[in-house]
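Numbered from 1 within each chain, the chains take letters A, B, ... in sequence-line order.
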Protein chains: 2
Amino acid sequence: MTDRLSVIFSALADPTRRAILARLAEGEATVTELAEPFDISLPAISRHLKVLEHAGLISRGRTAQWRTSRLEAEPLREATAWMERYRRFWDENFARLDAHLKRLQEEKS
Amino acid sequence: MTDRLSVIFSALADPTRRAILARLAEGEATVTELAEPFDISLPAISRHLKVLEHAGLISRGRTAQWRTSRLEAEPLREATAWMERYRRFWDENFARLDAHLKRLQEEKS
DNA sequence: AAGGTCTTTAACCGATCAGTTAAGTAACGA
DNA sequence: TCGTTACTTAACTGATCGGTTAAAGACCTT
């Protein structure tokens, strides 16, 4: 389980970690702020953050004694890209949508 | 870890299971066929299939002594939908793309 | 009914996971 | 320098995970 996608998906497999990401979508936050909504200890949160950081889903900074976390969604793009391969299996309008996206691509160039 | 998304993401967190899904994208297959590329025992594959089935990522049928698996990508749609919330954090062209998709929606109605 | 093929279940094992408490580290403020 | 706030590391625990081998089902063929 050393590959990138596995690390990303298993980071996302935990509801606490997904909730942390949701919170971070609203802006940077310190460890204590992130811990506040949960009924688990700070060390537990600290390790969740380490998992998210390891997956590249957050980056961390230090300001005085506070360690701030910041959302980095690039891994989500990778995970989404992997799933896109299966889009035709669920999306009836895939062909149409695909055409639109292709058009958009062409517009850009 | 009883929620649907967690079950889906942890099913996807294993490379063997993702490879099985990739194989199934090419069509239905029996357990032995699915096991063939891997260097692990049949019971191990059998349990991977149970995990995928439990996540709703495959459905299974019986034909004589063969149990065929079939890709069901709906959970991938759900997972993608969850990640979409973060799209603006990675996709520079999100606004533009979003506009296009909205236009597509309106066309449909 | 007996034997063969395909698959699952059971029992076990070592590793990893998510949590705990207790102790350690880092930076500030008096 | 001492105390306080913020966070991490260490050591432990019980549960889950991914694999194994051995035995049990399920269905076909003869």
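Across the protein-nucleic acid pair, Glu36(A) atom CD and dA6(D) atom C1' stand 16 Å apart, rounded to whole Å. With rounding to whole Å, Asp14(A) atom CG is found 18 Å from dT16(C) atom P. Between the CG atom of Asp39(B) and the C1' atom of dT20(D) there is a distance of 13 Å, rounded to whole Å. Per the geometry, CZ belonging to Phe38(A) stands 13 Å off P belonging to dT20(C), to the nearest Å. Between Leu34(B) atom CG and dT8(C) atom P the separation is 10 Å, expressed in whole Å. Residue Arg18(A) contributes atom CZ, which lies 12 Å from atom P of dA18(C) at whole-angstrom precision. Between the CH2 atom of Trp66(B) and the C1' atom of dA26(D) there is a distance of 12 Å, rounded to whole Å. Gln65(B) places its CD atom 7 Å from the P atom of dC28(D), with the value rounded to the nearest Å.
Nearest-nucleotide mapping onto DNA chain C: of Thr63(A) and Arg17(A), the residue sitting toward the 5' end is Arg17(A).
For Arg67(A) and dA26(C), the shortest distance from a side-chain N or O to OP1 or OP2 is not below 4.0 Å. Considering only side-chain N and O atoms, Ser41(A) lies nowhere under 4.0 angstrom from the phosphate OP1 or OP2 of dG19(C). Between His48(B) and dC17(D) there is no side-chain N or O to OP1 or OP2 distance below 4.0 Å. Phosphate proximity of dT9(C) to Arg47(B): absent, as no side-chain N or O sits under 4.0 Å from OP1 or OP2.
The hydrophobic clustering, which links ILVMFWY residues whose side-chain heavy atoms are closer than 4.5 Å, places Val51(B) and Ile8(B) apart.
The base of dA26(C) does not come close enough to the side chain of Arg62(A) for any donor and acceptor atom to sit less than 3.5 Å apart.
Of the possible polar contacts, one joining the Glu33(A) side chain to the Thr30(A) backbone as a donor-acceptor pair under 3.5 Å is found. Under a 3.5 Å cut-off, the side chain of Arg17(B) and the backbone N or O of Ala11(B) do form a donor-acceptor pair.
The pair Asp3(A)-Arg18(B) meets the salt-bridge criterion, since a charged nitrogen lies less than 4.0 angstrom from a carboxylate oxygen.
With dC6(C), dG19(C), dT8(D) as the choices, the nucleotide that has an atom nearest any side-chain atom of Leu42(A) turns out to be dT8(D). Nearest to the side chain of Ala44(A), among dT20(C), dT9(C), dC27(D), sits dT20(C). Each of dC28(D), dT9(D), dG18(D) was ranked by its minimum atom distance to the side chain of Pro43(A); first place goes to dT9(D).
Counting non-hydrogen atoms under 4.0 angstrom, Ile40(A) reaches the backbone sugars and phosphates but no base.
Residues Glu74(B) and Phe89(A) are not in side-chain contact: their nearest non-hydrogen atoms beyond the backbone lie 4.5 Å or more apart.
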